[in-house]
K.L.:
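Dumping the structure here so I can ask a few things about it.
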Number of protein chains: 2
Amino acid sequence: MIRRLSQARERGIPEATVARLPLYLRALNGMAERGLATVSSEDLAVAAGVNSAKLRKDLSHLGSYGTRGVGYDVEYLIYQISRELGLTQDWAVAIVGVGNLGRALANYGGFVSRGFRVAALLDADPEVVGDHIAGLNVEHIDELEAVIRRRGVSIVVLATPAVAAQQVADRVVAAGVTSILNFAPVVLSVPEGVDIRKVDLSIELQILAFHEQRKTDRMTGGPTMAEEWPEAVDL
Amino acid sequence: MIRRLSQARERGIPEATVARLPLYLRALNGMAERGLATVSSEDLAVAAGVNSAKLRKDLSHLGSYGTRGVGYDVEYLIYQISRELGLTQDWAVAIVGVGNLGRALANYGGFVSRGFRVAALLDADPEVVGDHIAGLNVEHIDELEAVIRRRGVSIVVLATPAVAAQQVADRVVAAGVTSILNFAPVVLSVPEGVDIRKVDLSIELQILAFHEQRKTDRMTGGPTMAEEWPEAVDL
DNA sequence: GTCCTTTTGTGAACCGGTGCACAAAGTGAG
DNA sequence: CTCACTTTGTGCACCGGTTCACAAAAGGAC
């Protein structure tokens, strides 16, 4: 096998492409289950909800894995995308904050099924520490550094209240973790080289509300005036 | 109030800007609580985690609400952004699927605090129907259309298993809802004019894993040729 | 009033990403 | 073999969004 992936894959897959690879992977897994051997860019694009030119360009960043006139080999493409995303290795994930959201995440099947293993649940509340959730014992936040070190945790999910998130992030970073998925509604400040992805449930709703308002405005005519902004942050 | 915001606000705030407005709003609320009367674009930008030129351009799409040499009036800006996002009105939200995630969402404080009111919880599982969660009675999915109509639900949150999501979406759309927040890991197909936002927890982790792999690769030297695609594996 | 300082609002260059459209590469029939 | 057909991979034009950098506007000192 030749190394002809010179400029294409060697450096830098566009961020937008990376964000879509998991989508393709999911569609491909569905096809593999249904026994399809090959798939065209058109069919895969439809299944993933994107346009086929974009899909082809995305895949071309990984290398030239298709066959003209035929399409892509489903199994081979699954392997290539998985490898590119780093899903061929086992990732130990720790979830900090075992409130409603933390519990939901711990039980979420989508994690385990893709090379992610929830290796620890931590919380500050003595009431929660010791509970068994999703086959794991909830440990006290004091154990954070020890747990990260001993279990090789490389990704931390923050599901704490907003006020606690920054200090937990600081400790986690100090312990050597460089990838954080943050569900707390705060802007975390972390050193260069630490990746943070933020999921903010209320922001998504606010964006929907904006568009919904536009749609109804167009029919009725005008906005209203009232209400103010309460404040409450907790997960 | 005059309608002289001709081209600036009259039509089309960039999507990227809309997605950041909730961020600014949150930062501003924090500042209002701390008693700040005005804020410069620089300070607000830092608090929201963006650069100040971008923030100024974003705000300029709403109108010219700042004062040169001074900054922005915190209260006034909060009002303007809230109004623009449609948060000055009350939105009735229904959550379909009361598993771990649905429960977490029902209890999520961030919704209620911003003009969103969880008006209904629905599930297909008779085991769950009748439960009381977050002060609400879980109703059977058969009631979906009636509940939407009677309670004026305009936004639906889908937290069902993947297999059920499309058929629930179809019913919800048929009932007149045009805004859906989808947590199920499937690509929904809906008619023109229906807005869908998707939150996919496992995709976020996969993106993190990609970057994490890059970081560790860089230190260890990257993948060897043998790891590219073992010849032993047949296609 | 003039001058100096601060900070907004925006023109313009730049950049990453999208989508069209087509040549190149493959398959299969005859 | 040639011809017809399929589907990939990509050059290129386009577009939304970001960033720079600065003129314009406001306030304060005098």
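Just so it is clear: chains get the letters A, B, ... in the order the sequence lines come, proteins before strands, and each one is counted from 1.
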K.L.:
Would you mind telling me which of dT18(C), dT10(D), dG17(D) lies closest to the side-chain atoms of A16(B)?
P.N.:
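Among dT18(C), dT10(D), dG17(D), the one nearest the side chain of A16(B) is dG17(D).
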
K.L.:
When the distance from CG of D58(B) to P of dG17(D) is rounded to whole Å, what number comes out?
P.N.:
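These atoms are roughly 10 Å apart.
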
K.L.:
Quick check: any donor-acceptor pair below 3.5 Å linking the side-chain of R68(A) to the base of dT7(D)?
P.N.:
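Side chain to base: no pair present.
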
K.L.:
Is the base of dG19(C) touched by the side chain of K57(A) through a donor-acceptor pair closer than 3.5 angstrom?
P.N.:
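Donor-acceptor pair under 3.5 Å: yes.
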
K.L.:
If you compare every side-chain N and O of Y65(B) against the phosphate oxygens of dT7(C) (OP1, OP2), does one of them come in below 4.0 Å?
P.N.:
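No, because none of the side-chain N or O atoms of Y65(B) sits under 4.0 Å from OP1 or OP2 of dT7(C).
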
K.L.:
Of Y79(B), Y76(B), Y24(B), which is the lone residue that meets ring-ring contact (aromatic ring centres under 6.0 Å, His included) with Y65(B)?
P.N.:
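Option passing the ring-ring contact (aromatic ring centres under 6.0 Å, His included) with Y65(B): Y76(B).
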
K.L.:
Quick check on contacts: within residues 27-52 of chain A, what sits under 4.0 Å from DNA chain C by heavy-atom distance?
P.N.:
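Listed by number, they are N51(A).
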
K.L.:
Applying the side chain to side chain contact (heavy atoms under 4.5 Å, CB included) criterion to S82(A), which one of N29(A), L25(A), L28(A) satisfies it?
P.N.:
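By the side chain to side chain contact (heavy atoms under 4.5 Å, CB included) criterion, S82(A) pairs with just one of N29(A), L25(A), L28(A): L25(A).
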
K.L.:
With respect to the side chain of A53(B), which nucleotide from dT27(C), dT8(C), dT19(D) is positioned closest?
P.N.:
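Comparing dT27(C), dT8(C), dT19(D) against the side chain of A53(B), the answer is dT19(D).
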
K.L.:
Measure from CZ on R20(A) to C1' on dG19(C) and round the result to the nearest Å.
P.N.:
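It works out to 12 Å between those atoms.
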
K.L.:
Can you check the R56(A) CZ to dG19(C) P distance for me, whole Å?
P.N.:
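Value for this atom pair: 12 Å.
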
K.L.:
Determine whether a donor-acceptor pair (N or O, by modelled atom type, separation under 3.5 Å) exists between the side chain of Q213(B) and the backbone of E84(A).
P.N.:
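Yes, because the side chain of Q213(B) sits within donor-acceptor range (under 3.5 Å) of the backbone of E84(A).
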
K.L.:
Among all residues two or more places apart in sequence or in another chain, which pass the side-chain contact (heavy atoms from CB on, under 4.5 Å) test with A174(A)?
P.N.:
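For A174(A) there are no side-chain contact (heavy atoms from CB on, under 4.5 Å) partners, ignoring immediate neighbours.
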
K.L.:
Sequence neighbours excluded and cut-off under 3.5 Å, please list the side-chain donor-acceptor pairs for residues 189-197 of chain A, or say none.
P.N.:
from, atom 1, to, atom 2, distance (Å)
D195(A), OD2, K215(B), NZ, 3.3
R197(A), NE, E204(B), OE1, 2.5
R197(A), NH2, E204(B), OE1, 3.2

K.L.:
Taking only N and O in the side chain of S64(B), is any of them less than 4.0 Å away from OP1 or OP2 of dG9(C)?
P.N.:
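Result: yes.
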
